[in-house]
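Here's the structure we're looking at; comments come further down.
Chain letters run A, B, ... following the sequence lines, proteins first and then strands; every chain starts at 1. Below, all heavy atoms of this structure are taken into account, side chains as well, without hydrogens, waters or symmetry copies.
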Amino acid sequence: MSWEVDFFMRAYNPKEIEPKWQKKWEEEDFYRTKTDPSRTKYYVLEMFPYPSGKLHMGHMRVYSIGDVLARFLRMRGYNVLHPMGWDAFGLPAENAAIENNVGPARWTSENISFMKKQQKSLGVSYDWEREVTTCNPDYYRWTQWLFLLFYKRGLAYKKKARVNWCPQCETVLANEQVEGGVCWRCSSTVEFRELEQWFLKITDYADRLLDDLELLEGWPERVKLMQKNWIGRSEGAEIAFRLKDFDEELRVFTTRSDTLFGVTYMVLAPEHPLVDKLVSGTEKEAEVREFVNKVKFENEISRTSAETEKIGVFTGRTCINPVNGEEVPILVGNYVLMSYGTGAVMGVPAHDERDFQFARKYNLPIRVVIQPEGEVLKEETMTEAYTGPGRMVNSGQFNGLPNEEGINAVIAYLEKHNLGSRKVTYRLRDWLISRQRYWGAPIPIVYCEKCGIVPVPEDELPVILPTNITLKREGGSPLAGLEDFVWTECPRCGGKTRRETDTMDTFICSSWYFLRYASPKLDRAPFSREDVDYWMPVDQYIGGIEHAVLHLLYARFFMKVIYDAGLAKVQEPFKRLLAQGMVYKDGAKMSKSKGNVVSPDEIIEKYGADTGRLFILFASPPEKDLEWSDQGVEGCHRFLRRVWRLINENKHFVELNGKGTPFNGEAEQKLRYHIHAAIKKVTEDIEERFNFNTAISAIMELVNATYSYLDKAAEGEPDRRVIAEALKTIVILLAPFAPHITEEMWQLLGHKDSIHLQAWPDYDEEALRVEQVEVVVQINGKVRGRIMIPADADKEQMLAAAHGQERIRNLLAGKEILKEVTVPGKLVNIVVR
RNA sequence: GCGAGAGUGGCGGAAUGGCAGACGCGCUAGACUUAGGAUCUAGUGGGCAACCCCCGUGAGGGUUCGACUCCCUCCUCUCGCACCA
């Protein structure tokens, strides 16, 4: 740094100004928000973090995006709610406790205070008065209260089921939390156990969760699609096949009732309860049992993979096809899943790919019952199943019917004769919520020998999670070993009774936190109707795509139940969703193992938070992945220094507030055009498209234009008012992106109040109006010249100007003009031969 | 396999029917300087000695006066689902 620079102005020193303004904002309670029905609200929310230890770039990105919106909307006059909190229950705290010998509570709260400090150093405008921490009793009390609400409404139940078990986490998992057969958190292969567990009846809401996706216009299509696929609604029929030799029925689910006459065999899942009954005491018993055991032992990933060979075994039993009375063999097969439909499938090899492969392998008969238009399928020559449309054949009274109509016709026939019925099946399963872990909200239930399952009364909440506990690596639910916790009095009969020792899935805690922000301190209810009706729904939710099904589906479910209970008037919690992309470096996701991690702290240390925020927002649109670039960060830092210098070197133009030549100079009009074009562009980019990268580039262009005006005007006398307008506009437009430096520069420009309380500028249409525009002249679509003409020139004037150009005349000489196209203010295209 | 999204300079990315490559990075040359990795100025898709010329947005075709943009076919990559009956 040369002494001249020091002499004229202070250098840009983020280390000095950033903490200064952060302190000031905090002292003045700048971002406190109040429920105020007289004002239009806007609720901006970033997914709250798990307090894992320290912030990473993904956090910095999501908070930077949210903060730009929050600051921008505040300046636009909205009453903005922008809160932050902690998804503080969870397994890592327990593991850390075992490894480091620190209690999970202490580990968590230390992480929270560290991460909170980091968030503050980013200059994010949160209302910290509304901070929620899910592991605090004043929060989980209401998580428990909501569990009881579900229980009362018949939406929480306990049942014994085959459940996913993660051996690493030593707990059960919900289906959503198993991804490709492995645990979503630790990637261990998931096993199965028969356990009695608590479930929430999310399947009761399957149709509403599916249908209401259509209301979510502000959600990315791919997220909605993922939820749709996850819910997996499938319409069809359940059909009863009478077993031969038994007075019992075998029920199957099918979406293809039109192929019912093509059934040549039946397949049961190995776990199907009828298997035992069918084979016990028969000569097939040993063979079938061996097969069942073998398949059960295989892990679920390979068994449910499409590539796995379909194998099966004949049970020696048969059943009767209800529509044609045919006797078909019953097999057990590895490709049939007990968890979907009825656990039994009718085999129609001619029209189902899996059935075809299976039938060919075991020489089961194939019968065509759908004939496509224009070709004739023959069983002997088929090489694959035909799954397309066609007319029904070999199907008795239904012959000749188009198969789409046949689906309904067959179902109608079945219903009439009491052989089956219309049925909708979902892939979605009920949400398994109990966890055999310590660090979670206790499930508020007791088991009384006399009274059975008894919910803890609301006025006895919260069921406090004891903190005097030593965690060990093994040994089931840690709470079960705590006598003081386990034994209590039955709220009904007063007798000695056991508490539930499982805790709740942490996804429950995060399914309603956005409501708690509306009434963070309330101690008589989870939230107040008044606050929630004012603030909800969240207008803009921002977070990672990894929660497309998990958190985002659960939260929607909770909102609907809360709505049904009459506690809120909205049914969908998040009006608009922004799924932000990931942060990469050197082509890979930042991770410790790859050694390509850049921490927010080191960026703040080296360049300041403003530079980091600006880079993150400038490098890529928010929903796309972002490639980290140290040089790109340098560039943003350079830009901020350039702005700093611009303001410092020219602030006297503003201070003097003096006279100058009026706006009518050509250079002045041009600069004013740039100023107002920038206002328009930045406003629209933030408001309509979240294109923060192009918004920032528009500010850069304005800075460049201002420098170039000053350069050119240096010889003559620059217009103070235009410069003042430019400087002020630059600082204001930049404020949501770089809050500290702009606050400092705002003061340098002579203001006493905060820039973050200023009104966002409107652009001046007048300044954007230009008299002369450059219009491109094309011949056959190729640019051959440019003309300056009045902006409002009509077609004739445009053509006259184009033909007036010597070059154009020369090029047109001897050619036949076929057509002349004009676009006002843009171009002329002359089509010739 | 099914579904969704994407493919543009050396790089990140702009442009949603009208001048392809805004803005930034990098690079080149120059200025200032004891020096600069600071700052400023100019240039920077490819071809060509050069242009006002030609080529150019994954490939091929189509619609249009005009296509990165719309339609069809194909290729590649990313993500999601994956025996769901």
Side-chain angles (χ1 to χ4, degrees), chain A residues 1-2 4-5 11 179-180 220-230 232-234 236 252-256 259 267 269 301 303-310 333-337 339-348 352-355 357-358 425-427 545-546 548-549 581-582 614-615 618-621 623-636 638-639 641-642 645 681 691 693-701 703-704 707-708 711 774-786 807 810-811 818-823 825-832:
Chain A
M1 185 194 313
S2 73
E4 287 102 325
V5 174
E179 293 170 348
E221 278 310 313
R222 63 178 170 145
V223 175
K224 289 194 273 187
L225 193 71
M226 278 163 78
Q227 293 211 355
K228 188 180 167 204
N229 289 340
W230 184 258
R233 183 187 152 99
S234 169
V252 296
F253 174 75
T254 181
T255 54
R256 293 294 304 273
T259 63
V267 196
I301 314 169
R303 193 178 142 196
T304 55
S305 153
E307 278 93 59
T308 304
E309 196 186 8
K310 292 157 191 45
N334 65 340
Y335 73 100
V336 179
L337 306 174
S339 57
Y340 186 80
T342 61
V345 177
M346 59 186 214
V348 187
D352 181 283
E353 203 45 57
R354 294 154 306 175
D355 295 347
Q357 287 173 30
F358 193 76
T425 300
Y426 302 88
R427 210 179 78 117
I545 188 75
E546 66 273 19
V549 172
M582 289 198 290
L614 197 68
F615 168 72
F618 179 61
S620 178
E623 69 279 4
K624 289 214 307 194
D625 290 339
L626 181 154
E627 174 73 25
W628 187 267
S629 154
D630 292 332
Q631 286 169 330
V633 179
E634 290 273 0
C636 287
R638 200 146 57 210
F639 169 69
R641 280 211 310 265
R642 199 165 134 82
R645 196 164 55 84
K681 174 89 177 138
N691 284 354
N693 54 335
T694 50
I696 292 167
S697 72
I699 302 172
M700 289 172 168
E701 284 180 84
V703 170
N704 292 344
Y707 266 114
S708 113
D711 268 5
E774 189 185 69
V775 163
V776 172
V777 182
Q778 297 181 334
I779 294 176
N780 287 347
K782 287 188 195 298
V783 180
R784 287 293 183 259
R786 291 154 200 281
R807 182 170 145 72
N810 292 341
L811 287 164
L818 299 177
K819 190 171 182 178
E820 290 177 319
V821 181
T822 58
V823 180
K826 287 241 169 94
L827 64 64
V828 174
N829 187 16
I830 303 167
V831 186
V832 299

Measuring from atom [atom1] of [X] to atom [atom2] of [Y], what distance do you get when rounded to the nearest 0.5 angstrom?
X      : Y      : atom1 : atom2 : value
A/I779 : A/L811 : CD1   : CG    : 4.5 Å
A/Y340 : A/S234 : OH    : OG    : 3.5 Å
A/E309 : A/N334 : CD    : CG    : 8.5 Å
A/I830 : A/K782 : CD1   : NZ    : 15.5 Å

Test side chain to side chain contact (heavy atoms under 4.5 Å, CB included) on A/V775 and A/K826 and set out the steps. CA-CA 5 Å; A/V775 163; A/K826 287 241 169 94; over 6 Å; no
What is the distance, to the nearest angstrom, from the CG atom on A/N334 to the C1' atom on B/rC84?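 Atom-to-atom, A/N334 to B/rC84, this comes out as 15 Å.
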B/rG5 P sits how many Å from A/N229 CG, rounded?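 One finds 13 Å between P of B/rG5 and CG of A/N229, rounded.
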Can A/R233 and A/Y426 be counted as having a side-chain donor-acceptor contact under 3.5 angstrom?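 Checked: A/R233/A/Y426 side chains pair up, N/O donor to acceptor below 3.5 Å.
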Would you check if there is a donor-acceptor pair between the side chains of A/N704 and A/R642 at a distance under 3.5 Å?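 A pair is found: one side chain offers a donor N or O, the other an acceptor, under 3.5 Å apart.
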Counting just side-chain N and O atoms, does [X] come under 4.0 Å of either OP1 or OP2 of [N]?
X      : N      : value
A/T255 : B/rC84 : no
A/R233 : B/rC84 : no
A/R427 : B/rC81 : no
A/R645 : B/rC40 : yes
A/R641 : B/rU39 : yes

Just to be sure I follow the notation: if a pair is Watson-Crick (purine N1 to pyrimidine N3 plus N6-O4 or O6-N4) or a G-U wobble (N1-O2 and O6-N3), each under 3.5 Å, what dot-bracket string does RNA chain B give, with | for pairs to another strand? (((((((..(((.....[....)))((((((.......))))))(((.....)))..(((((..]....))))))))))))....
Between A/D625 and A/M226, name the one whose nearest nucleotide on RNA chain B is closer to the 5' end.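 So the residue in question is A/D625.
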If you assign each of A/N780 and A/W230 to its closest nucleotide in RNA chain B, which residue comes earlier from the 5' end?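 Between the two, 5'-proximity favours A/N780.
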Under 4.0 Å, heavy atoms only, any strand: does A/K224 hit a base, just the sugar-phosphate, or nothing?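 Contact class for A/K224: none.
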Indicate syn or anti for B/rG9, taking the glycosidic torsion and treating anything within 90° of 0 as syn.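 B/rG9: syn glycosidic orientation.
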Quote, to the nearest angstrom, the [atom1] distance that separates [N] from [M].
N      : M      : atom1 : result
B/rU64 : B/rC79 : P     : 40 Å
B/rG30 : B/rG36 : C1'   : 16 Å
B/rA29 : B/rC68 : P     : 35 Å
B/rA4  : B/rC48 : C1'   : 45 Å
B/rU73 : B/rC23 : P     : 38 Å
B/rU8  : B/rG3  : P     : 25 Å
B/rC74 : B/rC2  : P     : 11 Å
B/rG60 : B/rC52 : P     : 27 Å

Please determine whether side chain to side chain contact (heavy atoms under 4.5 Å, CB included) holds for the pair A/V828 and A/E820, giving the CA-CA distance in whole Å, both sets of side-chain angles, and the decisive distance to 0.1 Å. CA-CA 7 Å; A/V828 174; A/E820 290 177 319; 5.8 Å; no
Do A/F618 and A/I699 have side chains that approach each other closer than 4.5 Å (heavy atoms only, starting at C-beta)?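 They are not in contact (no side-chain heavy atoms under 4.5 Å apart), so the answer is no.
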Assess whether side chain to side chain contact (heavy atoms under 4.5 Å, CB included) is satisfied between A/D630 and A/F615, documenting all intermediate values. CA-CA 10 Å; A/D630 292 332; A/F615 168 72; over 6 Å; no
Could you write nucleotides 14-29 of chain B as a row of B, S and -, 5' to 3', where a protein heavy atom under 4.0 Å of any base atom gives B, of only sugar-phosphate atoms gives S, and otherwise -? S---BB--BBSSS---
